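To start, the structure itself, in structure tokens.
Convention: sequence-line order gives letters A, B, ...; per-chain numbering from 1. The structure presented is a predicted model; accordingly, all values stated were derived computationally and were not measured.
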Amino acid sequence: MAVLVDAETRLLVQGIGTEGTNHLRRSVAYGTNVVAAIHPRRGGEDVDGIPIFTTAEQAVSATGANVGIIFVPAPGAADAILEEAAAGIPLIVCITEGIPVLDMVKVKAALRATKSTLIGPNCPGVITPGTKTRVGIMPGDVFLPGRVGVVSRSGTLVYEVVAQLTAEGIGQSTCIGVGGDPIIGTPQIEAVRMLNEDPDTDAIVMVGEIGGSAEQEAARYIKEHVKKPVVAFIAGATAPPGRRMGHAGAIISGEDGKAENKKAALRAAGAIVSDSPAEIGITMKKALG
Amino acid sequence: MKLHEYQARDLLAQNGVAVTAGRVASTPAEAKAIAAELGGKVVVKAQIHAGGRGKGRLVSESETAAMYEKLTTDPANNSGQVKGDRVGGVRLADTPEEAEQAAAAILGKHLVSIQTGPEGKLVNRVLVAEQTDIAKEYYLAIIIDGAQGSPLIMASAEGGQEIEVVAANNPGAIIREAINPAAGFEPYVGRTLAASLGFSGDQAAQFSAIAEGLYNTLVASDASLVEINPLAVTDDGRVVAVDAKLTIDDNAMFRHKDLAELRDKTEEDPLEVLAQDLGVANFIKLEGNIGCVVNGAGLAMATMDTIKLAGGEPANFLDIGTVNDPQRVVNALKVILEDESVKAILVNIFGGMARVDIIAQGVIMAHEQMKIDVPVVMRLVGTNLAEGEKLVEESGLPLIRAKELAEAAQKAVEAANAA
């Protein structure tokens, strides 16, 4: 079954500039059911036979799209998220990086009144290799169908972790990039909960990073509810405090933000914490026995 | 983007926050004139992007590292009891002449405090503001609470000291009140906070107006942090902001062209300024000798961590992002090579949105355009790998290749140590 995206996914792509179009094609090539695209001035046209609509509402009513992916540039991204939520799309994945934090304050508040789940922004998306469902920007060929779920704030670390798992012969159920911004739609604790409740996931890799306290919150959940093996890594042990390390959320501003405290919380919760990002695959192999 | 105190005060005042009277000066003569306008009794405050100014030391550029060492290793030096001509980036003056002297002692010097780092901060401006007879000091700030996704007001009756110190020693003394972003700042928020802090009558109204003005400043300037510390009650019963700190969300700068001119490049590391000017946005200078070019913030941090585990030290953090133009790779390498401590470079790319072939093109172009006299270790994986590998192979460049992350870090450390 996996989580979030699967064979039932009917994908809508909003923002079909160079990157959006490129990744629409890659998702189609991977085997994903892409049913519609949105462009405010190109309604009626198509991308490789996939119809373009002017609005999300039109796209949903014409195609039954149930997952939306957003590539719209930062100034218009909050608007795009809210448009898809208003159109009733249950799962919205926002790839866009650099959205103003006050825009996300507004989005987060508005989404509470809808049934939509948001993944991201500033994330690589979600992929379920077993059903060839790629809702994101990840390189599809490093993924292998299997039973380990991956949760990560960072996109490229998803690829790194998955490449290591795949090299060890360990396949993945669903990989969720939750995003690197301070305000995200689905924090790590929620993503871990989804994978914990998924009968097709046997173990979980959680990749966190410095800044905020989302890893500690996930750790509290893991301690109480998770019996599956959890392997964790926290990026940024060597980062200086007070500096924003690329991700807007990756800045050490308090005790919870430090890598060592996040690792300690996860260890106390029963997770196996790898100090090296290069040893996550082998650590999971050992954990699975 | 951090603002100076005088800039933050201006934004606060524009949004209805009561601040002390005062203006910025860049010469002792200007400081004297402003002090005369304000009636003579003023405070002269160094304008730098760091705290701890009052207990800081004013020294020449060559003395900063030694002074920083002294301040950070011996707490007695930072007790506030030490007196002397070089002590204090915040000074009281009772006459315009004293203000002139204070400005002369501060301007053009490097101010070193426990927060400036060993380089200290060159002081180019001072704020000259009215002296206030403070009866009590409070703390008031608004941050964005990522977990709740809403603005959060933090207030304390224990103002005038670092809020982190209050949080550590007396966490109960910090009052938190979330703002519902859909409703904005409703009057009850001000009343509730004022009552919790012990304000009553006219002072409660003054406090509420300041809290509302602070929220309006946050929204109007897309700030991720606004802070007043201390917020003072004066002997004559006024509630007024005596200091101000404001950080603007870099992601929102596209809609604040007017605020862009408030950026003070002299506060930033010269290499980071060069990187920004060359379009390499996510570059942070560090202390080590292995230059890093990585895509993705998480992988960039993980690469630094792996270098450290292999016994090396990264010279920088660099997330090159999604590269459509190989020139950006050239520019990134240009910035790294400007750093004389760099003894080896590690290029670690896991292509997703970024394409490996564009990165490879960039590395090859860089070798054509400039002299690269340090070893370059390169690890390429992901989108368009085959095309990238072909380019590298055909170039015949002496790149040290690696397939795995740990291997790449190990080779970079070995190359740096051999240099």
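Nearest heavy-atom pair across Ala302(B) and Phe233(A) is CB-CE2, 4.0 Å. Nearest heavy atoms, Leu309(B) versus Pro277(A): CD1-CD, 4.4 Å. Ala147(B) and Glu217(A) get closest at one heavy-atom pair: CB-OE2, 4.1 Å.
Considering only heavy-atom pairs separated by less than 4.5 Å from chain B, the leading option among Pro187(A), Ser276(A), Pro75(A) is Pro75(A). The candidate from Leu405(B), Leu218(B), Asp222(B), Ile349(B) with the greatest count of non-hydrogen atom pairs under 4.5 Å with chain A is Leu405(B). Among Gln164(A), Glu19(A), Met138(A), the residue making the largest number of heavy-atom pairs under 4.5 Å with chain B is Glu19(A). The most heavy-atom pairs under 4.5 Å with chain A, out of Val219(B), Asn180(B), Asn295(B), come from Asn295(B). Your options are Ser224(B), Ala406(B), Ala168(B), Gly351(B), and the one with the most heavy-atom pairs under 4.5 Å with chain A is Gly351(B). Contact count versus chain B (heavy atoms, under 4.5 Å) is highest, among Ser154(A), Pro139(A), Pro124(A), for Pro139(A).
Within residues 22-29 of chain A, the residues having any heavy atom under 4.5 Å from a heavy atom of chain B are, by residue number, His23(A), Arg26(A).
The shortest side-chain heavy-atom distance between Pro240(A) and Leu286(B) falls under the 4.5 Å cut-off. Using a 4.5 Å heavy-atom cutoff, the side chains of Val105(A) and Ile144(B) are in contact. In this structure, Asp249(B) and Leu102(A) have side chains that are not in contact, with every pair of non-hydrogen atoms separated by 4.5 Å or more.
For a residue to count as touching a neighbouring chain, one of its non-hydrogen atoms must lie under 4.5 Å from one of that chain's; by this rule Ala300(B) does not touch chain A. Using a 4.5 Å cut-off between heavy atoms, Glu407(B) does not touch chain A at all. Looking at Val101(A), the atoms closer than 4.5 Å to chain B (heavy atoms on both sides) sit in the backbone and in the side chain alike. With a 4.5 Å cut-off on non-hydrogen atoms, Ile189(A) does not touch chain B at all. Contacts between Gln115(B) and chain A at a heavy-atom distance below 4.5 Å are absent for every atom of the residue. Contact of Ala237(A) with chain B is made through backbone and side chain together, with heavy-atom distances under 4.5 Å. Only the side chain of Asn384(B) comes within contact range of chain A, judged by heavy atoms closer than 4.5 Å. Contact of Leu318(B) with chain A is not made at all, since no heavy-atom distance falls under 4.5 Å.
With rounding to the nearest 0.5 angstrom, the CD atom of Glu160(A) is 7.5 Å from the CD atom of Glu404(B). One finds the CG atom of Leu299(B) at 10.0 Å from the OG atom of Ser152(A) (value rounded to the nearest 0.5 Å).
For Glu227(B), the salt bridge (charged side-chain N to carboxylate O under 4.0 Å, His left out) partners at least two apart in sequence or on another chain are Lys245(B).
Residue pairs meeting the side chain to side chain donor-acceptor pair (under 3.5 Å) criterion with at least one partner in residues 296-318 of chain B, sequence neighbours excluded, are Thr238(A)-Asp305(B), Thr303(B)-Asn348(B), Lys308(B)-Glu313(B). Applying the salt bridge (charged side-chain N to carboxylate O under 4.0 Å, His left out) rule to pairs touching residues 97-112 of chain A yields Asp103(A)-Arg255(B), sequence neighbours excluded.
Remark: side-chain polar atoms of Thr156(A) are not paired, donor with acceptor, to backbone N or O of Phe350(B) under 3.5 angstrom.
Crowding of Lys411(B) atom NZ: a count of heavy atoms from other residues, nucleotides or ligands under 6.0 Å exceeding 12.
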